[in-house]
Amino acid sequence: MSWGTELWDQFDNLDKHTQWGIDFLEKYAKFVKERIEIEQNYAKQLRNLVKKYCPKRSPKDEEPRFTSCIAFFNILNELNDYAGQREVVAEEMGHRVYGELMRYSHDLKTERKMHLQEGRKAQQYLDMCWKQMDNSKKKFERECREAEKAQQSYERLDNDTNATKADVEKAKQQLNLRTHMADENKNEYAAQLQNFNGEQHKHYYIVIPQIYKQLQEMDERRTIKLSECYKGFADSERKVIPIISKCLEGMILAAKSVDEHRDSQLVIDCFKSGFEPPGDFPFEDYSQNIYRTISDGTISTPKQEGMRIDTKTTVGKSKGKLWLFGKKPKGPALEDFSHLPPEQRRKKLQQRIDELNRELQKETDQKDALIKMKDVYEKNPQMGDPSSLQPKLTETMSNMDRLRMEIHKNEAWLSEVEGKVAARSDRRHSSDINHLVTQGRESPEGSYTDDANQEVRGPPQQHVQPNEFDDEFEDDDPLPAIGHCKAIYPFDGHNEGTLAMKEGEILYIIEEDKGDGWTRARRHNGEEGYVPTSYIDVTLEKNSKGS
């Protein structure tokens with residue numbers, strides 16, 4: 001099966017077919033290019049989608065702790081890797097398929113043009129040989145007709161009795177000339193015919209088959225190249241299938257890692273306040289005076305009037321205190337996190353202590369390194385001046401002292417919180433709620449508790465007895481001092497019922513700490529309030545008197 005023998009007379013059709021082959025090759029290259037653009041756009045859209053749903057948080061924000069959130073972010077990471085594999089597919093197709101096709105198409109056009117030019121030249125040469133042969137044939141034909149006419153003219157004059165001898169001799173010479181020329185043209189025509197036949201045989205059996213064979217090989221190579229590109233097109237994606245499968249497996253593992261029980265526990269750990277639920281509201285009997293008036297037939301005495309419950313105190317103070325966490329803090333957060341519920345305060349303090357310990361460890365390591373370097377400089381002065389390290393060493397030691405003080409202060413706050421939480425837990429299981437309590441108590445931070453003897457976040461406030469009026473508190477004599485204290489740390493005392501103090505200030509103690517972490521104190525000017533027990537150094541004196 002050869003184009004040279006089977007299609008020896010189909011030069012124009014082969015020209016069209018080879019051009020169609022190149023057009024088809026470029027059409028497939030265009031298809032690959034569009035597929036590459038689809039892959040690139042798909043990968044870009046996937047990356048934008050991942051970027052859109054990834055958490056936008058500052059470095060200080062905590063990582064998501066819920067398993068459902070962690071699983072989703074893991075899926076986003078896997079999807080981002082999947083988008084990367086789509087980019088790999090596009091890159092592989094562009095390099096292995098599209099780029100190769102465009103280079104091959106350029107080479108193919110050049111080769112086709114060369115083969116067709118050779119075919120046209122061979123055809124032009126054969127046409128030239130045919131024209132030469134045809135011209136010699138026509139010339140031979142024309143000379144033969146002229147010789148035939150000269151023969152007829154000579155015979156006519158030779159048979160004519162009236163013709164002169166000179167005319168007959170002239171006609172004879174003309175006949176011989178034409179006959180000689182006809183013989184020469186005959187020989188030339190025979191030679192041209194033989195030459196044309198040889199060239200024609202060579203053209204159709206040697207030159208054209210060779211050219212057509214080259215065109216056939218070129219077209220077959222084009223077909224093979226298309227086959228290779230088809231395979232490379234599929235291999236570009238098949239290569240990344242294992243990685244894509246791992247991405248999908250990672251998504252499935254992320255889905256399996258979701259733990260609803262753990263997430264529920266995290267919600268508890270995140271939002272647990274540590275407060276006790278509020279107690280029952282007591283029944284306040286406003287009809288006692290009415291029944292007493294009816295039965296006694298007399299107007300209530302001041303003593304009886306004093307026995308009734310002060311609604312202003314019991315109802316008014318408890319109004320609006322049903323929210324478990326009390327009033328929301330205004331302004332910046334407090335240093336000791338006392339604006340937070342106990343459980344959240346404990347977590348924040350523990351977190352801060354851990355961070356301070358890490359910073360202290362870094363400073364300790366830096367101090368050790370500086371000491372070692374200083375020793376090296378002392379032993380080898382040429383390496384450096386030991387005194388140049390002293391400022392940095394002093395600064396490091398100062399930082400360590402500061403961090404230790406911060407750790408000690410936060411540990412004191414943490415111990416205070418943990419002690420109150422433990423005491424509250426014991427009371428919850430061992431104590432019964434006193435249903436005769438007229439109102440809940442409010443801490444300085446505004447937090448609510450139903451325990452009459454213990455505060456959650458602040459100092460206890462005085463209870464209003466049912467048989468006393470508000471103005472009676474102002475007339476009472478001040479409590480005697482049972483000792484004095486010195487402020488170790490400054491305390492702002494922004495909340496109601498607290499007493500602000502400066503570091504080193506001396507105060508009188510008028511009521512000891514009842515186990516809630518607060519001590520009642522008085523200044524020299526008579527101002528009273530509660531201060532944190534962990535902030536002061538207490539000295540009790542039996543014979544101390546208030547100012």
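- A salt bridge links R103 and E100; the closest N-O separation between the charged side-chain nitrogens and carboxylate oxygens is under 4.0 Å.
- One finds no salt bridge joining K362 and D365 here, because no Lys/Arg side-chain nitrogen approaches an Asp/Glu carboxylate oxygen to under 4.0 Å.
- When the ring pair (Phe, Tyr, Trp, His ring centres under 6.0 Å) test is applied to Y230, the partners found at least two apart in sequence or on another chain are Y28.
- Put simply, the side chain of T67 gets close to the backbone of D259: a donor and an acceptor are under 3.5 Å apart.
- In this structure, the side chains of E512 and L540 come closer than 4.5 Å at one or more pairs of heavy atoms.
- Salt-bridge check for R352 with E355: failed, with every basic side-chain N at 4.0 Å or more from each acidic carboxylate O.
- Residues passing the salt bridge (charged side-chain N to carboxylate O under 4.0 Å, His left out) test with K374, sequence neighbours excluded: none.
- Using a 4.5 Å heavy-atom cutoff, the side chains of L507 and R523 are in contact.
- Between the CD atom of E249 and the NZ atom of K256 there is a distance of 9.5 Å, given to the nearest 0.5 Å.
- To the nearest 0.5 angstrom, R402 atom CZ is 8.0 Å from L356 atom CG.
- Between M397 and T394, every side-chain heavy-atom pair lies at or beyond the 4.5 Å cut-off.
- Between P242 and K239, the closest heavy-atom pair is CD-O, 3.3 Å.
- For the pair R404 and D401, the salt-bridge criterion is met [side-chain N within less than 4.0 Å of a carboxylate O].
- R358 has no carboxylate O lying under 4.0 Å from a charged side-chain N of E363, or vice versa, which leaves the two without a salt bridge.
- The aromatic rings of F31 and F233 sit tilted, their planes meeting at an angle between 30° and 60°.
- With salt bridges taken as basic N to acidic carboxylate O contacts below 4.0 Å, none links D81 and K246.
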Trace of the salt bridge (Lys or Arg N to Asp or Glu O under 4.0 Å) decision for E39 with K44: CA-CA 8 Å; E39 290 290 347; K44 182 179 180 180; over 6 Å; no

